[in-house]
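Structure first, then comments.
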Amino acid sequence: MGAVTPPKQDRSRATRQRLLASAVACLAEHGWAGSTVSVVAEHAGVSRGAAQHHFPTREDLFTGAVEHVAEGRSAALRALPVQGRAEVVAALVDLYTGPLFRAALQLWVAASNEAQLRPRVTELEARVGRETHRIAVELLGADETRPGVRETVQGLLDMARGLGLANLLTDDTARREKVVAQWAALLDDALG
C-alpha cells in the first residue's frame, strides 16, 4: 500500500512555510544583496515559480518571512510560564540575539536604501515593536499607569536591541549575561 499524499492545500502550506523559514535563514546568512528569490527557492527545495506563486515580489517574501518568525517568537513569549524578572529579561534579550534579529536587521538596512521597501518594513517593525512591548509589560507585571514605567520597559527593549547589535560581530555572551542580571535588578527596583 502506497503512502497517502497530503491534500494540495497542505502541500501548499508546507511549501509556504519552507519558503518563509528559508528566507529568514538566507537573509541572516547572506544579507539582502545575497538573498534573492532564486537563492531562497533553492534553499527551500522548491522552484522559483513556486516561490513566486506564494510571494509575487522579493519584498513580499522577506517582509512575510520576518513577520512570520516574529509572530512565532511573540507566541513563544506569550506562552512562557510566569517567571522571575531575570528570566523574563533573558528571554526578551534572546529575541534580539538570534537569527531573526540578524534577518530583521538586514531588512532594516535594505529598507533604509530602498524606497519601495521602507514603508512596508517601517509598518512591520512598528507592529512587531508594539506587540513585543505589550508582551514585555505582561511578563514583567509592569503597571504602565505609574510614571516612568512605560519608558523603563521601552528602555529594556532598546537595551536588548543594542545587545543584539553587539553580538553580531563577536560572541558577547559573557558580558551580556552580566548586563541582563543588572537590568533585572534595576527593573525590580523600578517596577516594584
Side-chain angles (χ1 to χ4, degrees), residues 23-35 62-80 82-114 117-144 146-192:
V24 170
C26 290
L27 196 56
E29 185 178 333
H30 306 293
W32 176 256
S35 298
F62 289 105
T63 56
V66 171
E67 181 175 28
H68 170 74
V69 176
E71 287 171 359
R73 294 300 298 258
S74 292
L77 275 177
R78 282 191 298 271
L80 283 175
V82 175
Q83 302 178 47
R85 288 200 173 119
E87 292 83 10
V88 171
V89 171
L92 290 167
V93 168
D94 284 348
L95 281 178
Y96 295 99
T97 56
L100 172 61
F101 178 71
R102 187 178 293 271
L105 185 59
Q106 294 294 333
L107 202 57
W108 295 346
V109 171
S112 72
N113 295 315
E114 298 197 23
L117 187 58
R118 186 175 302 122
R120 295 181 73 171
V121 173
T122 301
E123 188 276 327
L124 170 63
E125 286 305 318
R127 191 165 15 102
V128 168
R130 284 189 304 270
E131 178 66 8
T132 302
H133 184 96
R134 192 171 21 258
I135 292 168
V137 166
E138 290 172 20
L139 290 172
L140 292 166
D143 178 5
E144 286 193 307
R146 291 181 44 216
V149 169
R150 177 172 182 70
E151 293 78 9
T152 300
V153 172
Q154 192 57 52
L156 164 64
L157 296 174
D158 291 344
M159 180 272 307
R161 193 175 297 114
L163 289 173
L165 286 171
N167 198 56
L168 285 174
L169 297 177
T170 61
D171 182 1
D172 200 35
T173 305
R175 186 180 74 86
R176 187 172 59 246
E177 288 172 356
K178 292 175 186 173
V179 172
V180 166
Q182 181 61 31
W183 262 90
L186 291 171
L187 282 172
D188 278 337
D189 289 343
L191 302 180

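All values reported here derive from a predicted model rather than from experimental measurement. Side-chain atoms are counted along with the backbone in the values below, which use heavy atoms only and exclude waters and symmetry mates.
- Test Leu105, Val109, Leu27 against Trp32 for side-chain contact (heavy atoms from CB on, under 4.5 Å) and you get one pass: Leu27.
- Rounding to the nearest 0.5 Å places CG of Asp172 at 10.0 Å from CD of Glu177.
- Atom CD in Gln182 sits 12.0 Å away from atom NZ in Lys178 (nearest 0.5 Å).
- To the nearest 0.5 Å, atoms CG (Asn113) and CH2 (Trp108) are separated by 15.0 Å.
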**OP:** Evaluate the side chain to side chain contact (heavy atoms under 4.5 Å, CB included) criterion for residues Val179 and Arg175: first the C-alpha distance (whole Å), next the side-chain angles of each, then the deciding distance (0.1 Å), finally the verdict.
**Re:** CA-CA 6 Å; Val179 172; Arg175 186 180 74 86; 4.0 Å; yes
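- When the ring pair (Phe, Tyr, Trp, His ring centres under 6.0 Å) test is applied to Tyr96, the partners found at least two apart in sequence or on another chain are Phe101.
- Nearest heavy atom pair, residue Ala111 against residue Arg118, reads O-NE, 3.2 Å.
- Of the inter-residue distances, the one linking Leu163 atom CG with Thr97 atom OG1 reads 8.5 Å to the nearest 0.5 angstrom.
- Annotation: side chain of Glu125 is in contact with side chain of Val121 (closest heavy-atom distance under 4.5 Å).
- Contact annotation: the side chain of Val137 never approaches that of Arg150 to less than 4.5 Å [non-hydrogen atoms, C-beta and beyond].
- Panel note: side chain Arg85, backbone Leu186; no donor-acceptor pair is recorded below 3.5 Å.
- With values rounded to the nearest 0.5 angstrom, Leu168 atom CG is found 8.5 Å from Gln106 atom CD.
- Heavy atoms only, all atoms of each residue included: Ala184 and Ala86 are closest at CB-CA, 3.5 Å.
- To the nearest 0.5 Å, atoms OG1 (Thr132) and CG (Leu92) are separated by 8.0 Å.
- Among residue pairs with one or both ends in residues 153-163, those qualifying as side chain to side chain donor-acceptor pair (under 3.5 Å) are His133-Gln154, Gln154-Asp158, Asp158-Arg161; sequence neighbours excluded.
- Contact detail for Ala142 and Val149: the closest heavy-atom pair is CB-CG1, 3.7 Å.
- Leu156 is listed as a side-chain neighbour of Leu140, based on a closest heavy-atom distance under 4.5 Å.
- A salt bridge links Arg127 with Glu123; the closest basic N to acidic carboxylate O contact falls under 4.0 Å.
- Not counting sequence neighbours, the partners of His68 by the side chain to side chain donor-acceptor pair (under 3.5 Å) test are Gln17.
- The two residues Arg102 and Asn167 have their closest heavy-atom pair at NH2-O, 4.2 Å.
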